[in-house]
Amino acid sequence: MTGSVDLLITNGIVMTMGADNRIVDNGAVAVCGDAITAVGPAGEFAALTARETIDAGGGIIMPGLVNTHTHAAMTLFRGLADDLPLMTWLNDHIFPAEALLDPQKVQAGTLLGCAEMILSGTTCFCDMYLFEGAVAEAARTAGLRAVVGEVLYDFPSPNYGPIENGFAYTCELIDRWRDDPLVSIAVEPHSPYLCAPDLLTTAAGIARDNRVPMVIHLSETRSEVADIRKKYGLTPVQHLADLGVLGENLLACHCVILDENDMDLLQRHGVKVAHNPESNMKLASGIAPVAELLARGVCVGLGTDGCSSNNNLDLFAEMDMAAKLHKASRLDPTVLDATTVLRMATIEGARALGLDGITGSIETGKKADIIVIDTRKPHLTPMYHPASHLVYAVGGSDVSATVVGGRVLMKDRQLLHLDLEKIMADARQIADEIRRHQDGL
Ligand SMILES: CSC[C@H]1O[C@@H](n2cnc3c(O)ncnc32)[C@H](O)[C@@H]1O
Ligand SMILES: [Zn+2]
């Protein structure tokens, strides 16, 4: 191969995560502009000239990770309220703290989340929060790929007030970000327990008309299922099916409490699922039936959920947890093997967001969303199977480079386009305000 490219990532084991899970030992990836132009043995790239080169040092070159469900600005509430069940945690601690938020604080919290994600190898995230215009701006500032959506629920929002304004705000976001190369918008009703049927059907109509994803918390806890059964005589999944809301553009987050019929409905309607094992464990919500969903062919991606119920945004930790949790709950070490989990965190996550034509694998023509893992560490030596290391041994801090759309966002553990000291100082200042409010000062 001859000629010149913008970026060459070389001297690493390339985990393509394409349909055939091809692995190129001692491989390289060439990037022109924002896209991957070639993948193959490093020797074939020796005659290329590159404007910039990243030497993987014999480590692993892989697609950036896709976080299919988070609330990035909740970095501001990390460790604020632990060891509580979902409803107590939300109603008594998180919702009161969120009443203090404004766009500036959400932008600051999201930037902190973006910094953490870049440093731990996430290149794309799906967000649901308040003041999502500020989240979109923060994602763009950070250079991350993102699908973001304003939370919609029945009670007045600290951002838009009544729900009619929430629909208008969502439509404005869709128009504003329609042609952005990195940020796109989803319609995001919170959950069946905080959204009346009218809200859900209107939201689904907006998503359908604009051909954008819809994201919702679904069947997260037993108390949600009991609540919806009491109100509508149906499970939350049946309730959404009844309303005509299930579809291929729906990303259902959590899906912990599902019966056989619920799983069949999700499969039949092509609904995608975001699995959040650490959040489900921490809030004691339960264990989602992921092996059963995968057996049905349901697309399942991985998510961290927000930092207050995890308490980090590290998808490497999430992969480790997902792989082990289901083995323990099923007493079967063969379920969710390393490659399956790795696909959930990359290409299946991208598919869950409708972005599998763009990101999630290293293939010619895809956007260059790539990370490098430095394996020259005691806990990563020796290495027999890279997929095993990535799921069971690598941590977010082993990521040595993060590239999104061909732009190098982090190299040698240094953020190249964000002022990390300022971002952390801003977050500490906001935390002081939250603390003063809690103390009634
Ligand atoms: C305002 S955006 C989203 C809304 O949801 C809250 N939240 C965070 N994690 C969860 C979860 O696991 N289930 C339900 N709701 C959750 C978050 O604090 C925001 O208020
Ligand atoms: Zn959530």
Side-chain angles (χ1 to χ4, degrees), residues 15 17 21 23 60 62-63 65-70 83 85-86 120-122 218-222 252-260 262-264 266-267 271-305 309-352 360 373 375 379-398:
M15 307 287 290
M17 306 315 296
N21 281 325
I23 299 174
I60 299 170
M62 65 176 289
L65 304 179
V66 179
N67 190 343
T68 56
H69 179 60
T70 191
D83 311 324
L86 175 70
S120 56
T122 291
L218 185 62
S219 273
E220 184 175 359
T221 59
R222 283 189 188 159
C253 307
H254 299 294
C255 291
V256 174
I257 314 292
L258 300 177
D259 63 23
E260 296 285 323
D262 290 336
M263 289 191 269
D264 289 343
L266 295 176
Q267 186 272 329
V271 174
K272 318 293 191 293
V273 170
H275 176 42
N276 306 267
E278 294 203 52
S279 170
N280 299 155
M281 291 169 74
K282 184 158 186 272
L283 297 168
S285 302
I287 302 174
V290 172
E292 290 84 345
L293 289 168
L294 292 176
R296 281 171 167 79
V298 175
C299 170
V300 183
L302 267 192
T304 57
D305 210 354
S309 59
N310 186 302
N311 288 359
N312 61 57
L313 300 174
D314 182 350
L315 275 173
F316 282 99
E318 208 70 35
M319 281 197 278
D320 183 44
M321 197 59 73
K324 290 172 180 164
L325 176 64
H326 298 283
K327 291 170 175 37
S329 81
R330 307 249 314 210
L331 301 180
D332 179 357
T334 67
V335 294
L336 269 75
D337 63 33
T339 301
T340 300
V341 173
L342 202 50
R343 292 186 72 79
M344 286 166 65
T346 54
I347 186 64
E348 292 304 311
R351 196 186 317 284
I373 317 298
T375 55
H379 66 284
L380 302 176
T381 303
M383 179 162 62
Y384 297 103
H385 304 292
S388 163
H389 264 26
L390 290 169
V391 173
Y392 298 117
V394 168
S397 59
D398 298 318

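All values below come from the heavy atoms of this structure, side chains included, with hydrogens, waters and symmetry mates left out. For this chain, numbers begin at 1 and follow the sequence in order. Quick caveat: nothing in here was measured; it's all calculated off a predicted structure.
Of the inter-residue distances, the one linking E278 atom CD with L325 atom CG reads 10.0 Å to the nearest 0.5 angstrom. From H275, atom NE2 reaches atom CE of M344 across 5.5 Å, with rounding to the nearest 0.5 Å. Annotation: the span from H326 atom NE2 to L336 atom CG amounts to 5.5 Å, rounded to 0.5 Å. Note that the CZ atom of R351 and the OG1 atom of T346 stand 10.0 Å from one another [nearest 0.5 Å]. Here the CG-CG distance, from L342 to L65, works out to 8.0 Å after rounding to the nearest 0.5 Å. Here NZ of K282 is found 13.5 Å from CG of N276. Values are rounded to the nearest 0.5 Å.
Proximity of a side-chain donor or acceptor of T68 to a complementary backbone N or O of L302 within less than 3.5 Å is detected. Side-chain N or O atoms of H389 include one that pairs as donor or acceptor with a backbone N or O of P382 at under 3.5 Å. With D305 contributing its side chain and S279 its backbone, the two residues share no donor-acceptor pair below 3.5 Å. Side-chain atoms of D262 come within 3.5 Å of backbone atoms of D259 as a donor-acceptor pair (strictly under, hydrogens ignored). Judged by distance alone, with hydrogens and angles left aside, the side-chain atoms of D320 form no donor-acceptor pair with the main-chain N or O of A317 at under 3.5 Å.
Here the side chains of L258 and E292 are not in contact, with every heavy-atom distance at 4.5 Å or above. Looking only at side-chain heavy atoms (C-beta outward), E318 and N310 come within less than 4.5 Å of each other.
For the pair M17 and P63, the tightest heavy-atom approach, listed with the atom from each and the gap, is CG-CG, 3.5 Å. Closest approach of L390 to F316, counting heavy atoms only: O-CD2, 3.3 Å. Taking every heavy atom of both residues into account, A338 and V391 meet most closely at O-CG2, 3.4 Å. Taking both residues in full, the closest heavy atoms of A291 and R330 are given as CB-NH1, 3.3 Å, listed atom of the first, atom of the second, then distance. Among all heavy-atom pairs drawn from G303 and P277, the shortest one is O-CD, 4.3 Å. Taking every heavy atom of both residues into account, L293 and V300 meet most closely at CB-CG2, 4.2 Å.
Ring pair H254/H69 is perpendicular by interplanar angle, where above 60° counts as perpendicular and below 30° as parallel.
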Steps toward side-chain contact (heavy atoms from CB on, under 4.5 Å) verdict (V394, L380): CA-CA 7 Å; V394 168; L380 302 176; 3.7 Å; yes
Apply side-chain contact (heavy atoms from CB on, under 4.5 Å) to L283 and E220, showing your working. CA-CA 10 Å; L283 297 168; E220 184 175 359; 4.2 Å; yes
Mind running side-chain contact (heavy atoms from CB on, under 4.5 Å) on E260 and R296 for me, showing each step along the way? CA-CA 11 Å; E260 296 285 323; R296 281 171 167 79; 2.7 Å; yes
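Checked against T122 for a side chain to side chain contact (heavy atoms under 4.5 Å, CB included), the options V66, T304, L313, N67 give a single hit: N67.
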